[in-house]
**Q** 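Sending over a structure as structure tokens; questions will come in a sec.
Nothing here was measured: the structure is a model prediction, and the numbers come from that model. Order of the sequence lines fixes the chain letters, A, B, ..., with proteins taken first and strands second; residue numbering starts at 1 for each chain.
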Amino acid sequence: MVGIIQEQHPDRARLFMQWKQMGWPILVDSLNLLGVAVVPITLAIDEYGIIRAVNPERESLEKSFLNQTYPKPQGRAAAEIRLPDLKKLKAEASAGSASSWRTYADALVVWGGENRLDEAIAAYEKAVSLESAHSPTYFRLGVAYRNRYESSARSADDFQRAVEYWTKALEMDPNQYIWRRRIQQYGPRLDKPYPFYDWVPTARQEIQARREHPVSLLVEPGGAEFASPLKAFVKDQPVRQQPDKGGRVLRDKEGFIQAETALVPAAVAPGESLRVHLAFRPNLQRKAHWNNEAEDLMLWADPPQGWEVNSRYVSVPNPKTAVSQETRNVEFELKCPEKAAPGSVRIPTYALYYVCEDVNGTCLYRRQDLILEVQVKGAR
Amino acid sequence: MKLLLLFALAAFAVSLGEIVAKPSSTGFKVGEPFPSLVMPSLADGKPLSLARFRGKKVILHIFASW
């Protein structure tokens with residue numbers, strides 16, 4: 001028994017395998033190099049690497065495959081298993097085609113580590129400039145951007161770029177369900193087929209109950225990745241006044257907290273919803289810290305008339321330590337009016353937070369305004 | 001028998017994020033060689049390929065943990 005997993009985060013697959021106590025060899029295909037459009041797929045492969053059955057019947061597997069004898073094909077030697085030669089691939093790409101740029105970029109993402117993601121992105125962009133109609137390149141480019149977003153080399157708009165490239169790939173090939181799921185993983189609840197990683201807490205509990213230590217996750221699943229599907233948009237009930245209606249709180253002009261935004265999907269048709277992802281990171285160059293002895297971080301969204309929001313006011317609870325430097329994530333959802341005109345719509349939001357300059361430095365109460373630019377497509 | 005048990009386990013494993021695959025939509029054809037792709041092993045990140053299992057019959061499960 002051998003597996004190939006379609007997963008951007010191998011550590012999550014590792015946790016899953018630990019939970020289910022499955023120890024068979026697994027290959028990680030985070031770029032979907034296999035090109036499968038759906039999962040699961042089961043293949044029966046003979047001693048010579050030839051596919052003998054696709055999605056075979058479980059009950060007859062022994063008779064129809066395991067007990068069969070297959071002829072040895074002529075001239076088929078097993079390929080050597082070794083790391084790709086990145087220097088050689090780069091030389092081939094520099095002189096070559098979109099395909100050679102793509103092969104080089106694939107190798108950089110899979111084997112080059114996070115320090116080479118900039119090169120991988122550049123190589124994919126070269127590939128799409130030479131061959132704009134190859135949809136898998138856009139998907140892989142999105143994976144590279146998301147990988148960089150989760151690395152120390154992050155750029156603020158990497159997540160949004162990932163979503164845009166996944167969307168472009170899916171528009172070109174709408175039957176690619178692996179790609180569709182990648183967008184839905186981070187998207188609004190109306191578009192979700194199921195919660196993606198709701199099994200993680202159960203897995204950890206059951207692993208710990210066995211007196212084992214659960215595999216650590218490099219990136220914890222976020223709100224969208226746990227959220228259950230919905231059949232109708234649940235509009236926010238007004239629960240409180242907006243916290244700084246008059247705009248009197250001083251703005252964070254010093255840049256103590258750096259905010260990043262991503263909209264999933266990047267563009268909506270009238271009547272569709274989207275999920276807003278906001279990340280607030282203390283500016284490490286300024287040694288900024290959250291002041292956790294004061295109130296929680298608050299976010300207020302003020303969409304224009306006709307737009308619905310599932311949670312106009314969101315707060316992020318402070319941890320128990322007096323100060324901290326973690327990234328604080330906020331997610332909420334918006335629904336575009338049924339009669340919205342195509343074009344760009346500005347959604348004003350602002351965050352209020354208590355931040356300190358260094359551990360024993362001055363602590364300040366600050367506001368940061370964020371304008372979300374939502375693109376409305378033509379009517380469906 | 002052990003193999004069949006693993007097969008059943010694998011089928012359970014993928015039921016979480018299942019996108020039902022119809023035989024015609026998988027892209028794989030009976031009688032063709034499986035692509036010789038080298039990918040990282042989930043266990044240790046080292047290069048691994050189906051070629052490692054030449055000489056043995058393999059039940060290959062392509063799945064997701066989401």
**Q** Would you please name every residue forming a side chain to side chain contact (heavy atoms under 4.5 Å, CB included) with Pro136(A), sequence neighbours left out?
**A** His134(A), Arg140(A), Trp179(A)

**Q** To the nearest 0.5 Å, how far apart are CG in Asn55(A) and NE2 in His61(B)?
**A**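 Rounded to the nearest 0.5 Å, the CG-NE2 separation comes to 8.0 Å.
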
**Q** With a 4.5 angstrom heavy-atom cut-off, could you sort out which part of Pro40(B) is near chain A: side chain, backbone, both or neither?
**A**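 Answer is both: backbone and side chain atoms of Pro40(B) are under 4.5 Å from chain A.
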
**Q** Would a 4.5 Å heavy-atom cut-off, applied to side chains only, mark Phe28(B) and Ile45(A) as touching?
**A**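 Side chain of Phe28(B) against side chain of Ile45(A), heavy atoms only: no contact under 4.5 Å found.
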
**Q** Do you know which two heavy atoms are closest between Leu27(A) and Ser49(B), and how far apart they sit?
**A** CD2-CA, 3.9 Å

**Q** Testing the basics here: between Pro10(A) and Leu42(B), what is the closest heavy-atom pair and its distance to 0.1 Å?
**A** O-CD1, 3.2 Å

**Q** Distance from Ile81(A) atom CD1 to Leu50(B) atom CG, nearest 0.5 Å?
**A**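 One gets 9.0 Å once the value is rounded to the nearest 0.5 Å.
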
**Q** Heavy-atom distance under 4.5 Å between the side chains of Glu47(A) and Lys57(B), does that happen here?
**A**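 Answer yes - side chains close enough.
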
**Q** Just so I understand: if I count every heavy-atom pair under 4.5 Å between each of Trp111(A), Phe196(A), Tyr197(A) and chain B, which residue has the most?
**A** Trp111(A)

**Q** Measuring from Ile26(A):CD1 to Met39(B):CE, what's the distance to the nearest 0.5 Å?
**A**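 These two atoms lie 12.0 Å from each other.
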
**Q** Answer with side chain, backbone, both or neither: which region of Leu15(A) has an atom nearer than 4.5 Å to a non-hydrogen atom of chain B?
**A** neither

**Q** Do Ile4(A) and Leu37(B) have side chains that get closer than 4.5 Å, going by heavy atoms?
**A** no

**Q** So for Ala13(A), is it side chain, backbone, both, or neither that comes closer than 4.5 Å to the heavy atoms of chain B?
**A**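 The answer is both parts of Ala13(A).
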
**Q** More than 12 heavy atoms of other residues, nucleotides or ligands under 6.0 Å from CZ of Arg210(A): yes or no?
**A**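 Buried by this count: over 12 neighbours within 6.0 Å.
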
**Q** Could you give the distance from CZ (Arg52(A)) to CZ (Phe34(B)), rounded to the nearest 0.5 Å?
**A** 15.0 Å

**Q** Which one of Leu33(A), Leu31(A), Leu34(A), Val110(A) has the most heavy-atom pairs closer than 4.5 Å to chain B?
**A**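 Looking at each of Leu33(A), Leu31(A), Leu34(A), Val110(A) in turn, Leu34(A) comes out on top.
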
**Q** Return the minimal non-hydrogen interatomic distance between Ile5(A) and Ala64(B), and the atom names on each side.
**A**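 That closest heavy-atom pairing would be CG1-CA, 4.1 Å.
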
**Q** What is the minimum heavy-atom distance between Pro25(A) and Leu48(B), and which atoms define it?
**A** CB-CD2, 4.3 Å

**Q** Can you tell me how far OG1 of Thr42(A) sits from CD1 of Ile62(B), rounded to the nearest 0.5 angstrom?
**A** 8.0 Å

**Q** Between the main-chain N or O of Glu225(A) and the side-chain N or O of Trp66(B), is there a donor-acceptor pair closer than 3.5 Å?
**A** no

**Q** Return the CG to NZ distance between Asp46(A) and Lys56(B), rounded to the nearest 0.5 Å.
**A**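 Output value for this atom pair is 14.5 Å.
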
